Amino acid sequence: MKEIEFYDTRSRKQRPFTTLKPGHVGMYTCGPTVYAPQHVGNIRSRLLPDLIKRFLQSEGYEVTHVINITDVGHLVADADVGDDKMEVAARKAGLSAEEIAEKYTQMWRDDCAAVNCISPEENPKATDHIPEQIELGKRLEERGYLYTIADGVYFDTSLFPRYAELAGLDLEGQQEGARIGVTEGKKNPSDFAVWKFADPDMKRLQEWDSPWGRGFPGWHLECSAMSVRYLGERFDIHTAGIDLATVHHSNEVAQTECGFEVHPSVEFWMHNEFLDMGGEKMSKSKGNVKTLSNLSERGFDPLAFRYFFLQAHYRQQQAYTYEAIEAAARGLRRLQKIGRALELVEGDGNPGAQAPLKERFRDALADDLNAPRAMAVVWEVARSDDLADVDRRDLLRCFDLILGLRLGEDAAAESEPAWEQDPEIDGLLAERERAREVKDWATADRIRDELTALEVEIIDTPEGARWRRIAGHSG
RNA sequence: GGCGGCGUAGCCAAGUGGCUAAGGCGCGGGCCUGCAAAGCCCUGAUCCCCGGUUCGAAUCCGGGCGCCGCCUCCA
């Protein structure tokens, strides 16, 4: 049994996992901005905390997981005052910001359920916590960290010596405005808005009164305010995509640690790497597979994405290709078949025989969640000739508590997709059946070829011939 | 300009100083099946290039080449 170790972005190393409160883990995850459907990269960022949670639960920890819903803000660019992702989406759809948020929040939750994520204990919305955010802003103001300029109230990062620590920034070397316009009046390039003033000429759908005037909170404020509200001023794990580490999380740390005078506010910063889309920008016009529903439309089980996720280490960029997803779907299906067949085995297993495999699986995950290594153990069990079936069954059950691949699911409930019917095709099939009865294989094969040309696949079963459409591979 | 990551068999991907370089998918071969599907078995790499350290390197160091990400309220 190895000690559990996780890589922590702040200390830039893998170190033994410890908790602030014995047996309990507080974990915060930066959740979705709900103005559009989530893409597969977002889902990867959702699967990381789910893996952490399942693993730690299997280790006996009680995990309180909080994922926020960002349903306000997000300026598209400084140049476009008032152009805000929520607002733009709402305007386009002719809906209110709340309706847009509701729609995409639900879509996100459906996606999470489709990849079998355990629901978080708390799933707070930013707009439901405006008072908490204002309260934190006031604390920062009282402690002298804020200053006001034309478009809002800003945090002076030069007053927080540890500002560059999390992201390992070289503030001197940063090129302000390298990718975005400079905001007039900021004291330091890294300063960020805690509260933005509403543009008097542009009525926003979402704005609130505050001690600093009417406006809306800076994006970073919500995560500080809500993590403290639900997990306390200090908690154990904070997860998100790696892109958020540099700016968002540096700012979050600044707010929480300055506002509440604590350090460190987060024990383990765990960031997942991006999917490598091969330099190809995801776009609907290109028909690139990029959302979970796109996968479903192509006939893939959404859990194939979960399997795909488990095949690579979370801190490595993972190449996202059609081929890889197809391979994952196939691997998943085979594993599920094995798991389901083993569920029919009766009897008790032998814990002694299971122990070594269990330990290797567990130790792989204890080593900064090395899921690919754990999966190798899973396959070893799935295909083992040495283990008794009861032991293979028990082991896969145990593993699947963490994998979440529904390996032992009731075969009858899931089973094969329903066999299809169609007068024309059924007619050809009947003709083929007659040919087969008289062993006229030439005719039977000719009909098979005809149907194959129509993208129809014939499967002979003990109950007779069945058919189904071959999943499309276009795009 | 600053910061970070990667380059291992056709594809995805573990391994980061020393057993025969995990695992999945595909390809090929075989078994089974009239054929096919499913299933089962077998099968493949000396680790981007060059130089160095070492008894010994995919694994450490230096130099190339190539790819990707962050520095934007992008996962």
Side-chain angles (χ1 to χ4, degrees), chain A residues 9 12 29-33 38-48 70 72-78 84-86 164 167-181 189-190 192-193 196 217-222 239-248 250-251 271-279 307-308 310-313 315-335 337-338 341 364 370-380 382-383 416 436 439-442 444-445 448-449 452 457-461 465-466 468:
Chain A
T9 303
R12 281 182 160 48
T29 297
C30 285
T33 303
Q38 301 298 299
H39 60 242
V40 286
N42 296 289
I43 306 299
R44 188 183 198 198
S45 295
R46 177 64 188 87
L47 286 167
L48 170 62
T70 299
V72 60
H74 283 214
L75 295 173
V76 166
D78 284 358
D84 157 312
K85 289 174 183 174
M86 290 297 306
L169 298 177
D170 170 8
L171 293 177
E172 301 296 320
Q174 297 277 72
Q175 269 188 347
E176 183 180 23
R179 296 177 65 195
I180 190 170
S190 52
F192 58 92
K196 297 273 278 188
W219 175 47
H220 317 292
L221 197 55
E222 63 175 89
T239 84
I242 187 65
D243 58 311
L244 297 186
T246 310
V247 173
H248 180 54
S250 293
N251 296 348
H271 294 104
N272 58 281
E273 256 298 347
F274 268 35
L275 293 178
D276 180 352
M277 310 303 289
Y307 184 98
F308 170 79
L310 291 168
Q311 278 192 307
H313 187 94
R315 284 198 295 115
Q316 295 300 329
Q317 291 181 7
Q318 184 177 15
Y320 184 82
T321 61
Y322 183 86
E323 229 182 333
I325 288 297
E326 199 176 32
R330 217 164 288 204
L332 170 67
R333 203 182 59 219
R334 285 183 183 152
L335 205 53
K337 269 193 178 176
I338 293 168
N370 196 322
R373 225 165 74 206
M375 286 300 284
V377 178
V378 171
W379 275 104
E380 194 177 319
R383 291 190 162 147
E416 298 291 318
R436 291 183 70 210
K439 300 198 189 301
D440 177 2
W441 308 127
D445 290 346
R448 177 192 290 283
D449 290 342
T452 302
E457 181 184 34
I458 298 173
I459 294 120
D460 292 324
T461 75
R466 298 292 144 79
R468 64 185 170 199

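To find a chain, count down the sequence lines: A is the first, B the second, and so on, and within it residues start at 1. Remember, predicted model here, so these are calculated numbers, not experimental data.
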Visitor: Consider the side chain of A/Ser45, meaning its heavy atoms from C-beta on, and name the nucleotide among B/C70, B/G24, B/A75 that approaches it most closely.
Guide: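 Output: B/A75.
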Visitor: Taking atom C1' in both B/U16 and B/C47, what distance in whole Å separates the two?
Guide: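 About 12 Å, rounded to a whole number of Å.
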Visitor: How many whole angstroms separate atom CG of A/Leu332 from atom P of B/G26?
Guide: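 In whole Å, B/G26 P lies 13 Å from A/Leu332 CG.
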Visitor: More 5' along RNA chain B: A/Gln318 or A/Ala193, using each one's nearest nucleotide?
Guide: A/Gln318
Visitor: Between the base of B/A75 and the side chain of A/His39, is there a donor-acceptor distance below 3.5 Å?
Guide: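 Present.
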Visitor: Taking the P atom of each, how far is B/C40 from B/C27, in whole Å?
Guide: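 These two P atoms come out 15 Å apart once rounded.
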Visitor: Distance check needed: B/C12 P versus A/Met277 CE, whole Å only.
Guide: 14 Å
Visitor: Could you tell me whether the phosphate oxygens of B/C73, OP1 or OP2, come under 4.0 Å of any side-chain nitrogen or oxygen in A/Asn251?
Guide: no
Visitor: Suppose you measure atom C1' in B/G29 against the same atom in B/C61; what distance do you get, rounded to whole Å?
Guide: 45 Å
Visitor: Under 5.5 Å between ring centres and under 30° between planes: does that hold for A/Trp379 against the base of B/G24?
Guide: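 The ring of A/Trp379 is not stacked on B/G24.
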Visitor: In whole angstrom, give the distance that lies between atom CG of A/Asp440 and atom C1' of B/C35.
Guide: 13 Å
Visitor: Please check the phosphate of B/G26 (OP1 and OP2 only) for any side-chain N or O of A/Arg334 closer than 4.0 Å.
Guide: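 Yes, A/Arg334 has a side-chain N/O under 4.0 Å of OP1/OP2 on B/G26.
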Visitor: Would you compute the distance between atom CG of A/Asn42 and atom CG of A/Leu47 and round it to the nearest 0.5 angstrom?
Guide: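 Between atom CG of A/Asn42 and atom CG of A/Leu47 there are 11.0 Å.
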Visitor: Are any of the side-chain heavy atoms of A/Phe308 and A/Val40 separated by less than 4.5 Å?
Guide: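 A/Phe308 vs A/Val40: side chains apart.
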Visitor: Has A/Arg383 got a side-chain atom pairing as donor or acceptor with A/Glu380's backbone, closer than 3.5 angstrom?
Guide: no
Visitor: Could you tell me the Watson-Crick or G-U partner of B/G56, where both distances fall under 3.5 Å? Say none if there is no partner.
Guide: none
Visitor: Looking only at side-chain atoms of A/Asp276, point me to the closest of B/A13, B/C68, B/A14.
Guide: B/C68
Visitor: Does A/Val247 reach a base, just sugar-phosphate, or nothing at all? Heavy atoms under 4.0 Å.
Guide: sugar-phosphate
Visitor: For B/C19 versus B/C60, give the span between their P atoms, rounded off to a whole number of Å.
Guide: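 Comparing P positions in B/C19 and B/C60 gives a spacing of 16 Å.
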Visitor: Taking atom C1' of B/C6 as reference, at what distance in whole Å does atom CG of A/Asn272 sit?
Guide: 16 Å
Visitor: Describe the nucleic acid contact of A/Phe192 in one word from base, sugar-phosphate, nothing, applying a heavy-atom distance below 4.0 Å.
Guide: nothing
Visitor: Which whole-number value in Å describes the distance from A/Arg373 CZ to B/A21 P?
Guide: 18 Å
Visitor: Both A/Arg315 and A/Ala312 contact RNA chain B. Taking the nearest nucleotide for each, which residue is further toward the 5' end?
Guide: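 Between the two, 5'-proximity favours A/Arg315.
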Visitor: If we call it a pair only when both distances are under 3.5 Å in a Watson-Crick or G-U wobble match, what pairs with B/G26?
Guide: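 Paired with no nucleotide.
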Visitor: Under a 3.5 Å limit for both distances, which nucleotide forms a Watson-Crick or G-U wobble pair with B/G34, could you say?
Guide: none
Visitor: With rounding to the closest Å, how many angstrom separate the P atoms on B/G56 and B/G64?
Guide: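 My reading of the P atoms in B/G56 and B/G64 gives 26 Å.
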Visitor: Of the candidate nucleotides B/C12, B/G23, B/A75, which contains the atom at the shortest distance from the side chain of A/Ala376?
Guide: B/G23
Visitor: Separation of A/Leu275 atom CG from B/A13 atom P, in whole Å?
Guide: 10 Å
Visitor: Distance between the P atoms of B/C25 and B/C73, in whole angstroms?
Guide: 43 Å
Visitor: Can you confirm whether A/His313 sits close enough to A/Arg373 that some side-chain heavy atom of one is under 4.5 Å from a side-chain heavy atom of the other?
Guide: no
Visitor: Pairs under 3.5 angstrom, nitrogen or oxygen only, protein versus nucleotides 32-34 of chain B, please.
Guide:
unit_1, atom_1, unit_2, atom_2, d
B/G34, O6, A/Arg432, NH2, 3.3
B/G34, O6, A/Arg436, NE, 3.1
B/G34, N1, A/Asp445, OD1, 3.2
B/G34, N2, A/Asp445, OD1, 3.0
B/G34, N2, A/Asp445, OD2, 2.7

Visitor: Taking the side chain as every heavy atom from C-beta outward, state whether A/Arg436 and A/Asp460 have any atom pair closer than 4.5 Å.
Guide: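 The answer is yes, as the side chains (C-beta and beyond) meet within the 4.5 Å cut-off.
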Visitor: Can you tell me, in whole Å, how much space there is between the P of B/U54 and that of B/A21?
Guide: 25 Å
Visitor: Is any side-chain heavy atom of A/Gln317 closer than 4.5 Å to a side-chain heavy atom of A/Ile242?
Guide: no
Visitor: With a 4.0 Å cut-off on heavy atoms, is A/Ile43 in touch with a base, just the backbone sugar-phosphate, or nothing at all?
Guide: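 Touches nothing.
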Visitor: When we call it a touch if two heavy atoms are under 4.0 Å apart, what does A/His248 touch: a base, just sugar-phosphate, or nothing?
Guide: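 A/His248: no heavy atom of the nucleic acid under 4.0 Å.
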Visitor: Examine distances only and state if a side-chain atom of A/Arg44 and a backbone atom of A/Glu273 form a donor-acceptor pair shorter than 3.5 Å.
Guide: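 A pair under 3.5 Å: yes.
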Visitor: Rounded off to whole Å, could you give me the CG-to-C1' distance for the A/Asp243 and B/C70 pair?
Guide: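 Going from CG in A/Asp243 over to C1' in B/C70 covers 8 Å.
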Visitor: Provide the distance between the two P atoms, one in B/C50 and one in B/A75, to the nearest whole Å.
Guide: 42 Å
Visitor: In Watson-Crick or G-U wobble terms, both distances under 3.5 Å, what is the partner of B/C70?
Guide: B/G2
Visitor: Do you know which two heavy atoms are closest between A/Gln311 and A/Ala328, and how far apart they sit?
Guide: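 It is OE1-CB, 4.3 Å.
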Visitor: Check the orientation of A/His220 and A/Phe192. Use parallel for under 30°, tilted for 30 to 60°, and perpendicular for over 60°.
Guide: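 Plane angle over 60°, so perpendicular.
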Visitor: Rounded to whole Å, please give me the gap between CG in A/Leu335 and P in B/C40.
Guide: 11 Å
Visitor: Return the nucleotide paired to B/U43: Watson-Crick means purine N1 to pyrimidine N3 with N6-O4 or O6-N4, wobble means G-U with N1-O2 and O6-N3, both under 3.5 Å.
Guide: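 By the stated definition (distances under 3.5 Å), nothing pairs with B/U43.
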Visitor: Mind checking if A/Gln316 touches a base, just sugar-phosphate, or nothing, with heavy atoms under 4.0 Å?
Guide: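 Counting heavy atoms under 4.0 Å across all strands, the contact made by A/Gln316 is with sugar-phosphate only.
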Visitor: Counting only side-chain N and O atoms of A/Arg383, is one of them less than 4.0 Å from OP1 or OP2 of B/G24?
Guide: yes
Visitor: Treating A/Arg12 as the side-chain partner and A/Ala167 as the backbone partner, does any N or O pair qualify as donor plus acceptor under 3.5 Å?
Guide: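 Indeed, once roles are kept as given, a pair shorter than 3.5 Å links the two residues.
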